[in-house]
Amino acid sequence: MQGIELRIKGKVQGVGFRPFVWLLANQYGLNGDVNNDGQGVLIRFVSPPADALEQFLSDLQNKLPPLAQITDITQRAIDWPEATAITGFTIRESENNQMDTQIIPDAATCPHCLADLFDPNNRRYHYPFTNCTHCGPRFTIIKAIPYDRKNTAMSVFPLCPQCEKEYKDPADRRFHAQPNACSVCGPHIWLQNREQTLATHEMALKQTALLLQQGHIIAVKGLGGFHLACDANNQKTVDLLRQRKHRPTKPLAIMVPDLQFLQDLAPQETELLASSAAPIVLLAKHKVPNIADNIAPHLQEIGVMLPSNPLQHLLLRTVNRPLVMTSANASGQPPVLKNEYAVEQLNDLADFYLCHNRDILQRADDSLVRVAFDGLETLRRARGYVPDEIPLETQSTKNVLALGSDLKNTFCLLRHNKAVLSQHIGDTANEQVRSQLSENLELFQNIYQFKPDIIAVDAHPGYFSSSIGKQLAEQQQVTPIEVLHHHAHIVSVMAEHNCNEPVIGLALDGIGMGENGQLWGGECLLVDYQHSQYLGGLPAVALPGGDLAAKQPWRNWLAHLHQFVPQWQEILTKTCAEPNWQILVNAIERGLNCPPISSAGRLFDAVAYALGIAPSIVSWEGEAACHLEALANNSSLATQAQSAVNIPVKMPLIGNKLDLAYFWQSWLNYRAPVEDKAFAFHYALAQGFAELAANQARQHQCRTIVLSGGVMHNQLLRRLLKENLSEFHVLSAHKLPMGDGGLSLGQAVIAMHRQADNP
């Protein structure tokens, strides 16, 4: 008996793909079966008529379920002796073999489930865990492959007869929806204080809404962690939350009940907010009316998201106002995942706790994006996007694991021509974050049945992520490949765009390990997938106190003045409020714990402090630079064409280095309002780096210039650079962060290419 076998790869498990195949097969009168396995989905047909098979294949690719995505279809003829007994089309049990299929990210509540949620005649009316194959938790509840209920956090909730009927009916949209449940058989919610349960089910929801309206702070369990929620209109409550979190100015994300609470949205902003990923979208403040002034002080944008799960929809609909929804964690700690830990660790932060009994198996922070002048910009990639694969043009013969960086850590698994990045894990200086990194590494390797042949790490010898990678390399008996930080930054963008030619890279960030143990942060490089050559950039400046300088902007102001401005003592006496700055000058002059660094991030800190807009000690990473960008955007010069801007501030080139001595003298002598001085800095920095990059591109005959590093998230600087480099093909990242969150992809691709050259 002859048959046809179709192998389907991509996002085809947990998205209603098999019932979709079942319906199509029945529609065209095809006999056979379909099942899930480690490779994706396998379809078999018994001697299908050619025209019916052709129509089936057309519909298969053009009428997919909302979350499904096909990346590969292969077809072959098979001998199928058992097929003589097959009539009709059936769905077979899943098989677990070598994993080569995609795991689906968590997806926001679909319109059908939302309708069920608010339909008084529906049996899931106000049930906070309703979902189907088009929506609901995926990544955050998985513990093994294949994605079947027994391998998820739902294994402890046996299906009731009605839910089981839906689960087994291929014509139902809840067919094999692994988190399928109802109020009879599924998870439930409760409200509690530190001592006892106060209410359950719908009464818990109503009491939570009332407490929020009264100005209380509630820890709310979500899909990938707890949030701290409070009334975003109540300035006093927001201040209280800031005091408790020791977060005086860092912006807070808010959640609005629906799009009616926003105004003047661009089409792409609306699309992102309402997408299945449901990320936080950075919006201009005027688009978010009627919220407290202290949500995002000194900034021009506010992070806004829509509800992404039924519990949030119910809560926001009941409270009927914007809520602050910020990660529920003590300062410096990762977000809490377990109910008992929430009560224990959030004791000083939350007044009450809205909990549920579905376990969060994988942490997933809210993703953060914006619609920038040059398209989508991803600042944090987690819930809704992870673990989506990133396709690559080059096929790897080896499995590559890359460990990323110590800040904004992610890691990357690269196999064949696909890369999977972990969710945002965070700052590995924290012990709990380190534990989460180790646990997630083990989980990803187990789920993807992935054994690394190559392990890539950052070249910085002191990084925890590098030490973890080296330990794994020793266990696997492979030699770790060390990758320069800024080489990885540039290659991560090249890989996203499948750019296979040498490029000029501008890598601007706070700190990264460069050639010969030098600390970099503002470099122009000649880059391909294997090599990185230094071509120039910012001059090295003392970093007084090492890591302390990243938290105390005045140290960088002092270092720059001392190195570049002859009258530095006179200026410091007038501008530096720190009483012991002379001690730091002595340390710089004697070279004590003041390593030289060519850092754009620390230059931003120095300028911000000079303008009086940076505190002596910042309370969040990038605070000084973000305030500086916001101030510069208030300048009338920011809206003028560059050809019309005429300011005396310059950062010219001396050889292949930007002349900071000239910059500081011209900038200090520039008599203008503070917002114009803030703009003048951005303008001079962009002009200087653009000239350097253009010169090097012509010299090395490169058509493409790549922008990367955390500083490139500064939209004003990036726009000025792109305008100055308009004669070239200029690339920046869109799907991944330009900061350290995208670094592991670059490391993995570099290691893959180096290994290919040196097998």
Side-chain angles (χ1 to χ4, degrees), residues 212 215 217 227-257 259 261-266 269 272-273 278-306 316 321-329 331 335 349 365-373 377-380 408 424 553 604 608 611-615 617-635 638 674-675 678 710 713-717 737 739:
L212 287 164
I217 298 168
H227 288 97
L228 289 173
C230 72
D231 183 352
N233 293 330
N234 188 327
Q235 188 142 340
K236 186 177 177 182
T237 302
V238 175
D239 273 338
L240 179 61
L241 176 62
R242 289 193 174 283
Q243 289 167 23
R244 289 181 180 181
K245 281 203 81 172
H246 306 291
R247 191 171 174 170
T249 62
K250 189 175 182 180
L252 300 165
I254 68 166
M255 182 177 286
V256 296
L259 292 171
F261 284 77
L262 306 171
Q263 60 189 27
D264 302 328
L265 294 179
E269 290 172 335
L272 279 168
L273 285 162
I280 300 171
V281 180
L282 287 173
L283 301 175
K285 276 188 174 178
H286 75 268
K287 299 183 179 188
V288 195
N290 306 318
I291 61 164
D293 292 337
N294 53 349
I295 296 291
H298 314 302
L299 299 175
Q300 295 182 310
E301 295 173 306
I302 293 175
V304 180
M305 57 183 153
L306 292 178
L316 270 290
R321 66 188 66 189
L323 296 178
V324 168
M325 276 284 183
T326 189
S327 57
N329 57 309
S331 183
L349 301 177
D365 299 49
D366 297 312
S367 294
L368 178 62
V369 301
R370 69 151 64 99
V371 179
F373 70 94
E377 181 182 348
T378 302
L379 293 97
R380 182 171 64 225
K408 298 181 175 64
H424 167 87
F604 269 84
L611 287 175
I613 60 168
I617 302 176
V618 295
S619 60
W620 51 282
E621 187 198 0
E623 178 179 3
C626 288
H627 291 178
L628 184 60
E629 181 188 5
L631 182 63
N633 277 318
N634 285 332
S635 169
V674 287
E675 59 269 22
H713 282 301
N714 181 311
Q715 272 200 96
L716 174 58
L717 178 66

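These values consider heavy atoms only, across backbone and side chains, with no hydrogens, waters or symmetry-generated copies. Predicted model, so just to flag it, every value in this text is computed and none were measured.
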Side-chain donor-acceptor contact under 3.5 Å, Asn294 with Asp239: yes
Side-chain heavy atoms of His627 within contact of Pro297, under 4.5 Å: no
Gln300 CD to His286 NE2 distance, which is reported to the nearest 0.5 Å: 11.0 Å
Steps toward side chain to side chain donor-acceptor pair (under 3.5 Å) verdict (Asn633, Gln715): CA-CA 10 Å; Asn633 277 318; Gln715 272 200 96; over 6 Å; no
Set of side chain to side chain donor-acceptor pair (under 3.5 Å) partners for Glu623, sequence neighbours left out: Thr249, Ser619
ring-ring contact (aromatic ring centres under 6.0 Å, His included) against His246, all qualifying residues, sequence neighbours excluded: none
Set of side chain to side chain contact (heavy atoms under 4.5 Å, CB included) partners for Leu240, sequence neighbours left out: Ile217, Gln243, Arg244
Side chain to side chain contact (heavy atoms under 4.5 Å, CB included) partner of Leu323, the single match among Ile254, Val256, Leu212, Asn233: Leu212
Under the side chain to side chain donor-acceptor pair (under 3.5 Å) test, residues paired with Asp366 that sit two or more places apart: His227, Arg383
CG on Leu716 to OG on Ser635, rounded to 0.5 Å: 9.0 Å
SB check Glu269 Arg370 (cutoff 4.0 Å): no
Lys285 NZ: over 12 foreign heavy atoms closer than 6.0 Å: yes
Arg247 vs Thr326 side-chain heavy atoms within contact, under 4.5 Å: yes
From Glu629 atom CD to Asn714 atom CG, the distance as rounded to the nearest 0.5 Å: 3.5 Å
Pairing residues for Glu675 by the side chain to side chain donor-acceptor pair (under 3.5 Å) criterion, not counting sequence neighbours: none
Minimum side-chain heavy-atom gap His298-Ile613 below 4.5 Å: no
CG on Leu306 to CD1 on Ile280, rounded to 0.5 Å: 11.5 Å
Close side-chain approach of Ile302 to Pro251, heavy-atom, < 4.5 Å: no
Spatial distance of atom CE (Met305) from atom CG (Leu368) [nearest 0.5 Å]: 10.0 Å
Side-chain heavy-atom pair Ile291, Val288 within 4.5 angstrom cut-off: yes
By side chain to side chain donor-acceptor pair (under 3.5 Å) - contacts of Lys245 (at least two apart): Asn329
Pairwise distance NE2(His424) to CG(Leu379) - rounded to 0.5 angstrom: 11.5 Å
